[in-house]
Structure formats: structure tokens, C-alpha cells
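All heavy atoms count here, side chains included; hydrogens, waters and symmetry mates do not. Below, read A as the first sequence line, B as the second, and so on, with proteins coming before strands; counting in each chain starts at 1.
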Amino acid sequence: MDKNKIIELKGISKAFNGEQVLKSVDLDIHDKEFVTFLGPSGCGKTTTLRIIGGFVTPDSGEVLFNGKKVNHVPPYKRPVNTVFQKYALFPHLNVYENVAFGLRLKKMKETEIAAKVAEMLDLVNLRGYEKRSVTLLSGGQQQRVAIARALCNEPKVLLLDEPLGALDLQLRKEMQIELKKIQQRLEITFIYVTHDQEEALTMSDTVVVMNGGEIQQIGTPQDIYNEPINAFVAKFIGESNILPGIMHEDYKVEFAGDNFVCVDKGFRPLEPVDVVIRPEDITICPPSDTVINGLVESVIFKGVHYEIMVRAYSDLWKIHSTKAPEVGSVVGIDFTPEDIHIMRKMENSEDYAALDHLNGEEAGTID
Amino acid sequence: MRKLANRFYMGLVFLFLYIPIFVLIANSFNASKSRTVWTGFTFDWYRKLFHNETILKSLLNTLIIALIASVLATLLGTLAAIGIYNMKKFTRNLVINITYLPIINPEIVTGVSLMLLFVALKIELGYVTLILAHVTFCVPYVILNVLPKLRQMDNNLYEAALDLGCTPPMAFRKVVIPEIMPGIMTGFLMSITYSIDDFVISYFTHGATSQTLPITIFSMTRRKVSPEVNALSALLFVAILVIMIIMNVSEMRKLPSDQRRRAAKAEKKGGRA
């Protein structure tokens, strides 16, 4: 057994009221790793977290902590602590007593408790708030108390269930950096649940992309972004152009009405594939310089770049560029072989349904 | 002008509501036995009242029964509320409606049916039957006060307690109970007032030696209304008034923190926008 593995999930399935929420999930989580479960709502990420926390018992499969099966070990006997989505601070206790809650249960000496609470409040920058009522704190401060309270028990693994969901954007970004710092300083494992892909890419060592109760891809943020394994991951992580294609042979793919050289291999001859090209990887050039030409349909200023929609035959391309072509003009679309990502078609029709849903949401934001 | 008329009307309403009580209280200090002639101020009736063995005995009965019945009703009602809260929706609604029954049921029906039940079970009418009867009509008030507190509680609180190392009974004691305590206290105080107050149900379920105050008063007035009864009623009125004031003041004290909580929430929303 790999000594480094702290938590293993083996073939975990769970159904609620006949609805399959998790379908045979396999996952290893390593010591001192920052792991993020990323996926749309209802993908099973929170259920997976709750299974690790001990609040939900899986229908089948094994949960192992350090190689020992813990399926039926109750939450209060697991070496993990949780930061809940809505903080779940105890309203009848002040900040100090909230943080000290776990320590009091351990019957620690008052002086030790005071020292530990002070250390934790320092860690989350809340020194001087000891006597405050938790109900009078702002959302960000409540979040910090929740983190201090969970860390006070010195868990080997900290579970965080969309902890920043209720905070405003600015505060969320600050807390992301702070959480990452805390994790590195304490050298413990963080398991973080979010539906925010940017959050996942910013903080994680490993991202676990989930959809429909299944793990789609596990990898570093770079892997997930640059080499998405299927159209769902590509679409969920950042923006993408996804086109149907056919893999003729290794390093040769046909899509958008032409053959292109690519860097992918290992597909069956003539295997249908999804081709992903990121909007920021596409360059706009004079029409004569390239094989794909199209009509500029719209140009939207996005701050850092323009979002340009170009219609070429039946395909609509999304391009990010700092230069804006004129609407109605004909432009060329250019990319290098490295920019072409080839993915196997998803087997599951449900995944495509989820994908359509994501597309729909995006269309909504463009309006 | 219109405002004046409104106030006058409201004044009239309160006058009609409270004049009988004030007449009674005034009469309890009237030196004359007559209810229509004022002959001077006196504490005699109060003095006599506190030398009346029957009344003192029944006062003691009332207080003991109110206390025991309320404690039992609070325990039962709180546990019941937690059970009801964790039921599936259909059974929950069903059980809540059943718990309403003792409240909407005419007291005389409850009283008679309880008496018949005790007789059928061959339980001698006395303290036990009185306490059982009082628990029966007090439990719904506790349930109806505790349930909303459970609904307001964040579900994750219990899980958070488990997460931090509490066993389920500890989590319940350290987190759930303090959260629903205001509801439990209100239920308890309401039980006490209803228990002290109750006449109809007690009338059918008391024994020869277990008369409560309202029953004693009733039997005293059957002969002739003695001014002692005025004094006693005045004391009862004041006692209930004090409990009501305590209840309301404690509610009011909790209010500011709730308001502050709401204000903090509003601020958060503003910040997000």
C-alpha cells in the first residue's frame, strides 16, 4: 500500500430515495494534498465529502482512512473536521467558546485551551474577537471562526463544503489565498468542494471533476485545463470551442471541413472524437493566411480581451483577442497543432445533457 | 378628531374588558361585605384568606400540581417535538394535527372523557389523575412552542457538534437543547399558567383531598360570594399577570439580538450587491 495515501474511496455508490447520486466512485487522496471536488450542482461532490466526513454511509464500496475501513465509524471518531457551507456556528456561544468547543470535549486544561484558541484565532486573523457574539460577525468573520473551530482539533484532513459560497467576490478571492496559505502552513490535507472552476484552479494541487455521480477527470489544475479528457470537462473548466471530428490516424484529425495536424495519438482509425480549442489559443489573421475563414458576427468587450464570435460554415467559433475586428468583416482563424485537444466521445448521453445545460447557461450570460 | 374617536373607542373596549377585574380588586379592599357600598379600606379579607386552611391547602395543591405537571409536560412535549420534527412530511402533519386536538376540543369533553377513562382504569381520582390530566392539556402547548425553534435551527449545527467530537447525546445536550431553550421555557411557563388556571378539566379529575384553587373558589361562591374570594381572585390575577410579564420581558430581551442578526444579514446582502 502506498504510505502516502490518507483516504481511499473504493467503488463508492449512494442512492437517495431511489436516485443514484454516486456511481462507483474510486479516489485516492494523499497526505498534505489540496484536493478540490469540482462539478455542477447535483454532481455528487457534496455527498462524497459527507461520506468522508461520516455523515452519510455509502450503499456499497469502501472508505479507507490510512488503509483501515471506516464505513461505519461515526463522525466524532474520525480524524477529520468540517467547515460547513453555512458556517454552522453555535449561536449560543461566543467566538472563544465556539473555537474551544472541540477542546472542551477533550477535557483539556483551561490554560491549554486558551493558548490553542489564541493560536487558531491568530491563524485566521481574528485576535481580539474572543468575546464577540458569533451572530454579530460579518459573513467573512463567521467563516474564519468556522475554520478556526474546525482546525482546533488538529484534524489530519479538513473538509470544506463550498465554504466561500456566501461571500462577495473580493472577499472570496482574499479567502482563497488565505486558505491556501493555512493549508501549506499546517501541512494537512484539505478536501474542498466547489462549483467555481476558477476557485478550483487557483487553490488546488489536485482537481477532481465530477458530473452525474461519476468522476470525469482527476489531475493537476494544469492537466485539467490543458488536457481535458472529454467535452464536459473542457466546457466546465473555462471556455471552449468543441467541434465534432474524426481521427484519421495518429497525429491527423479532420474537423471543420479540413484535415489538421495534431499532437494526439492512440485512437482507433476513423474514431469519432471531440475537438477542443480554447478561445485564447486562436489567432485572428488575414483570410488568405489560413484554411478556416469566417464572418465576424459579434464583438464584446470583456475587459482583458474582446470576445469575438466568428461564423465559419455551420460552426460558431469563440475567440479571445486583445484586438477587435470589425463586425461583418471576413477573418481567418489560425491555431497551432498544440492548441488542438482531441478527446474521446463521451459514452454517456447524460453527460451530453449536462453539457447542453452548461451551454444554455453560457448563452444566458452572453445576453 | 378621527384619532380622538379611535382612542375613545379603544378606551371603551379596554374599560369593558378590565372593569370587572378592577371592581373585584377594589372590593377585595372594601371593609363592607356588600359588593355595592364602599365603607372603607381594609386588608381584613387578605388576613382572613391566609388563615383559611381550605384555601391555603388548595393553593398548595395548585402550585404542586402546576409544577409537577409542567415539568412532565415540558419533558414530554420537547421530546415529542423533536420526534415530530424528524418525521416524514405526511406523518409529521398528521401528528401535528392530532396534537392540536386537546387544544380545540371543548374542555368539558376532555374533562369528562378523562374522568371516564380514569374510572374505567380504576385509578382513584386524586393527585395522580389531576397531574395526568394537566399534563395532557399542557403537552400540546410545549410542542407548539418547541417545534418552531427546531425549524429555525440550522440543521448543520447538530452535525457540526458531531464533527467536533460530540457523541449524539452530547451534541443534543450541548447544541440542540440550548438552541431550542427559549421555546422550551415559553412552553413551560404557558403550562404553568394553564395548569393554575384550569377549572373545568380539574373539576372532573380531582379527588376529595386534591382540590385546586379554582375548584375551592367555585365551591365557596356556590354558598355566597365571600369577600375572601375577591381577595383570592385578585391574588391569582396578579400572579398570572406577573408570569405573563416575565414571559414577555424575556421575549423582548431576545428580540434585540434577533434584530441585530437580521441587520447583519441585510448588511451582507448589501455588500454582495
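For B:A161, the parts lying under 4.5 angstrom from a heavy atom of chain A are both the backbone and the side chain. With a 4.5 Å cut-off on non-hydrogen atoms, A:N81 touches chain B through its backbone and its side chain both. Interface remark: A:R50 contributes side-chain atoms only to the contact with chain B (heavy atom separation under 4.5 Å). Contacts between B:D163 and chain A at a heavy-atom distance below 4.5 Å involve backbone atoms as well as side-chain atoms. For A:F101, the part lying under 4.5 angstrom from a heavy atom of chain B is the side chain only. Heavy atoms of B:M170 lying under 4.5 Å from chain A belong exclusively to its side chain. Contacts between A:L159 and chain B at a heavy-atom distance below 4.5 Å are absent for every atom of the residue.
The residues A:E110 and A:R104 are annotated as salt-bridged, a charged nitrogen and a carboxylate oxygen being separated by less than 4.0 angstrom.
Between the side chains of B:T212 and B:T62, no donor N or O sits under 3.5 Å from an acceptor N or O. A side-chain donor from one of B:Y127 and B:N61 sits under 3.5 Å from a side-chain acceptor of the other. In this model, a donor atom of one side chain and an acceptor atom of the other lie less than 3.5 Å apart for A:E199 and A:Y192.
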Exercise for review: Applying side-chain contact (heavy atoms from CB on, under 4.5 Å), run through A:Q141 and A:S138 and close with a yes or a no.
Suggested key: CA-CA 5 Å; A:Q141 289 166 336; A:S138 72; 3.4 Å; yes
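Counting heavy-atom pairs closer than 4.5 Å to chain B, the top-ranked of the candidates A:K77, A:R78, A:H92 is A:H92.
Relative orientation of the A:F190 and A:F34 rings is tilted, given thresholds of 30° and 60° on the angle between their planes.
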